[in-house]
Amino acid sequence: MLKQQTKLPVRLYARLSKDDGDADKESNSITNQLQMLRYHAKEKGFEVIGEYVDDGISGTTFDRPDLNRMIKDAMEDTRPTGIMVKDMSRFGRNNAMFMYYVEEIFPNNDILFIALNDDVDTRFDENEMMPFKSIMNEYYARDTSKKIRSVKKTMALNGGFCGSFAPYGYMVDPKNKRQLLVDPETAPTVKHIFELSKQGNSVHQIARALCEDGILIPRAYRAMKNGTLDTSTGFKFPTDWVGKNVKMILENQVYLGHMVSHKTQTKSFKNKKLVSVPKEEWIIVRNTHEAIVDEETFELVQKFISVKKRPNKTGRPNMFVGLVKCPDCGRNMAFSNPNGREPRFRCRTYARNSNLCTTHAISYDALQQIVMGDIQKHIKSMEALGDQFIEEMHELSEKGGGQKIKQFRQDLEIAEKRIAEIDSVIMKLFEQNALGKISDERFEKMSSAYENEQKELTQKRNDLKARIIAEEKKTQSTNQFLETIRKYETVTELNRSMLVELIDNIYVYQAEGTGKDRKQKVEINYRFLAGSQCGIA
């Protein structure tokens with residue numbers, strides 16, 4: 001047993017955070033903790049050589065400014081000293097870290113530890129209950145974290161705003177902190193961002209435009225509203241927008257009037273680092289506040305930003321990126337210029353394995369002419385026939401859509417049947433390999449071929465399902481197609497904005513015949529028109 005020191009130099013430590021329940025807030029207040037520590041230090045004849053306070057920081061982390069400063073000061077002190085807290089939980093609620101400091105670091109540096117309410121005093125050897133109490137402190141933090149998460153999830157499911165600050169373009173309702181209101185100062189910027197994207201600008205081009213216009217980035221705008229922009233050292237370039245920030249705005253469904261929550265969460269109750277939550281686990285409650293952007297604009301913009309615009313080897317921009325597909329395997333077609341020839345599209349599956357598909361090759365310029373010609377054909381017919389054209393388009397949409405859906409379902413049935421057959425074949429191969437009838441090398445080669453085929457079929461199945469859903473929606477949207485196409489009556493040259501606004505996808509079929517007899521079907525699927533006419537090259 002250590003000999004008691006009457007003039008032990010001690011450092012007092014107090015902490016308070018959201019971990020502490022409302023019932024204990026008063027007794028655990030920083031003021032009350034320090035008063036209690038000072039009283040007992042005086043009563044025991046200790047010499048108080050420092051007071052340290054961490055207010056608003058969880059006990060599950062040991063990365064606290066004043067805690068670190070106190071430990072550093074104590075370890076640099078050449079005298080035997082002590083650290084005194086109201087109870088063990090004030091020092092920390094992480095059992096492993098607590099025991100590491102109290103049983104390893106402190107004894108090796110002649111630092112004593114005293115927790116008044118828990119009767120812990122390492123000057124003496126009677127601290128058998130300390131490890132158990134430390135475990136209970138950690139359990140309390142774990143239980144509190146679980147309850148807080150449950151409350152926040154319930155609030156999110158009810159459409160309440162749970163964030164620390166409102167998304168850019170909105171502000172928190174001063175009468176109800178769970179409700180969002182449109183911010184008249186920043187909402188116009190959000191609309192402008194969506195409009196620039198709709199016009200075909202990339203996120204980086206939009207970022208440069210905002211920077212040139214002197215628009216404050218979201219963080220800087222919040223600091224300006226809080227009155228800390230001029231005094232903060234974190235805003236050397238307060239108008240320095242980057243593509244990543246623009247993309248986050250363009251992808252956020254909150255601007256449709258929907259509350260989107262649970263996009264991030266902490267790793268654990270001990271580790272407060274935020275990690276992304278899978279998109280399928282987000283909590284989305286529709287129509288909880290006023291929308292800034294309409295559904296049509298939002299949908300168009302998603303088409304623009306969903307495609308990764310990688311540089312291509314041709315040196316030419318590809319306005320069709322993400323739109324041209326193979327009707328057989330369902331994959332996007334590759335854009336290239338083999339041997340320095342004219343840029344063209346060809347099936348990406350064929351390029352990887354010529355046994356799985358055919359080329360479906362078509363030149364970039366030919367496709368451009370076909371698509372522009374088909375659009376102009378619709379515009380001319382609309383101008384010449386007026387109301388009759390509208391009626392014919394309605395009939396064509398409904399009739400053609402029904403025929404296409406029927407064909408898609410037949411193709412889907414064939415694909416699903418073949419997928420099931422391959423499952424059976426692979427199982428039989430496995431059994432024959434297990435019985436020694438097929439060598440491991442042969443089994444690997446055969447199973448790999450079947451698995452690749454099944455992978456392509458699965459892609460095709462998913463594509464067919466998507467096409468069925470799209471065609472079903474289009475049969476009721478002919479008027480919207482006519483309204484959209486009127487915007488391009490005077491346009492004579494195809495551009496990316498026109499393509500994305502009018503067209504869902506373009507399917508290029510395998511060419512038939514050679515030379516002058518060569519024909520190739522190009523199917524143009526318009527966004528609002530089912531069973532549309534196909535251009536023929």
Side-chain angles (χ1 to χ4, degrees), residues 1-17 19-21 24 26-55 57-144 270:
M1 182 173 72
L2 294 174
K3 185 176 180 180
Q4 184 171 352
Q5 300 179 28
T6 56
K7 278 292 183 180
L8 175 70
V10 295
R11 291 176 171 83
L12 311 183
Y13 179 74
R15 180 189 65 80
L16 185 67
S17 78
D19 293 343
D20 307 300
D24 299 328
E26 185 61 31
S27 63
N28 274 337
S29 70
I30 297 297
T31 301
N32 285 343
Q33 287 183 56
L34 291 176
Q35 286 179 346
M36 177 183 181
L37 293 171
R38 291 169 190 151
Y39 173 81
H40 283 277
K42 183 178 180 180
E43 186 181 57
K44 294 176 182 292
F46 296 156
E47 177 190 357
V48 177
I49 57 174
E51 294 183 356
Y52 304 79
V53 173
D54 282 312
D55 196 357
I57 305 179
S58 172
T60 57
T61 175
F62 272 64
D63 186 16
R64 290 171 251 148
D66 256 26
L67 176 70
N68 293 336
R69 186 168 65 88
M70 176 183 68
I71 293 173
K72 180 176 180 292
D73 291 347
M75 292 177 67
E76 291 177 350
D77 201 326
T78 56
R79 302 168 293 171
T81 60
I83 289 174
M84 191 159 72
V85 294
K86 178 188 173 185
D87 57 56
M88 292 163 51
S89 68
R90 298 306 93 203
F91 187 70
R93 293 186 184 275
N94 184 322
N95 176 55
M97 293 297 293
F98 178 89
M99 298 306 296
Y100 172 66
Y101 275 106
V102 175
E103 292 197 337
E104 294 290 335
I105 299 297
F106 291 169
N108 291 337
N109 290 274
D110 291 327
I111 302 170
L112 302 171
F113 180 78
I114 302 169
L116 297 175
N117 286 354
D118 291 317
D119 294 323
V120 170
D121 190 335
T122 58
R123 292 177 298 168
F124 310 105
D125 296 329
E126 300 171 356
N127 299 298
E128 293 85 355
M129 294 303 294
M130 181 173 66
F132 301 101
K133 290 181 178 179
S134 178
I135 290 173
M136 291 308 297
N137 284 333
E138 180 174 309
Y139 175 80
Y140 175 87
R142 184 191 299 271
D143 187 56
T144 300
K270 292 182 183 180

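Basis for what follows: all heavy atoms, side chains included, without hydrogens, waters or symmetry-related copies. Only a predicted model underlies this, so the values are computations on that prediction, with no experimental measurement involved.
- Pairing each heavy atom of N137 with each of R93, the nearest pair is O-NH1, 3.5 Å.
- In this structure, the side-chain contact (heavy atoms from CB on, under 4.5 Å) partners of E51, at least two apart in sequence or on a different chain, are L12, L34, R38, V48.
- Counting non-hydrogen atoms of other residues, nucleotides and ligands closer than 6.0 Å to CE of M136 gives a total of 12 or fewer.
- When every heavy atom of L116 is checked against every heavy atom of M84, the shortest pair comes out as CD2-SD, 3.9 Å.
- No side-chain N or O of T31 forms a donor-acceptor pair with one of S29 less than 3.5 Å apart.
- N94 places a side-chain heavy atom less than 4.5 Å from the side chain of F62.
- Legend: residues meeting side-chain hydrogen bond (donor to acceptor under 3.5 Å, both in side chains) with Q35, ordered by chain and number and at least two apart, are absent.
- For the pair R15/L67, no side-chain contact is recorded, criterion being any heavy-atom separation below 4.5 Å from C-beta on.
- What you find for S17 and G59 is that their closest heavy atoms are OG-N, 4.4 Å.
- Taken from CZ in F91 to CG in D54, the straight-line distance is 11.0 Å, to the nearest 0.5 Å.
- Here P107 pairs with nothing under the side-chain contact (heavy atoms from CB on, under 4.5 Å) rule; sequence neighbours left out.
- The stretch residues 64-76 participates, sequence neighbours left out, in these side chain to side chain donor-acceptor pair (under 3.5 Å) pairs: Y13-R64, Y52-D73, D63-N68, D66-R69, K72-E76.
- A salt bridge (charged side-chain N to carboxylate O under 4.0 Å, His left out) check over residues 100-110, counting only residues at least two apart or in different chains, returns nothing.
- T81 is linked by a side-chain hydrogen bond (donor to acceptor under 3.5 Å, both in side chains) to nothing, counting only residues two or more places apart in sequence or in another chain.
- Annotation: side chain of M88 is not in contact with side chain of V102 (no heavy-atom distance under 4.5 Å).
- Residues L112 and P80 form no side-chain contact, since every pair of their non-hydrogen atoms from C-beta on lies 4.5 Å or further apart.
- Shown here for T122 and F113, the closest heavy-atom pair between the two residues is OG1-N, 2.8 Å.
- In this structure, CZ on R142 lies 11.0 Å from CD1 on I135, to the nearest 0.5 angstrom.
- Take I105 and apply the side-chain contact (heavy atoms from CB on, under 4.5 Å) test, not counting sequence neighbours, and it matches M75, Y100, Y101, N109.
- Not one N or O on the side chain of Q33 forms a donor-acceptor pair closer than 3.5 Å with the backbone of A14.
- Evaluation of the side-chain hydrogen bond (donor to acceptor under 3.5 Å, both in side chains) rule for D118 yields no partner, not counting sequence neighbours.
- Counting heavy atoms from C-beta on, the side chains of I114 and K44 never come closer than 4.5 Å.
- Applying the side-chain contact (heavy atoms from CB on, under 4.5 Å) criterion to N117, with sequence neighbours excluded, gives M36, K86, D87.
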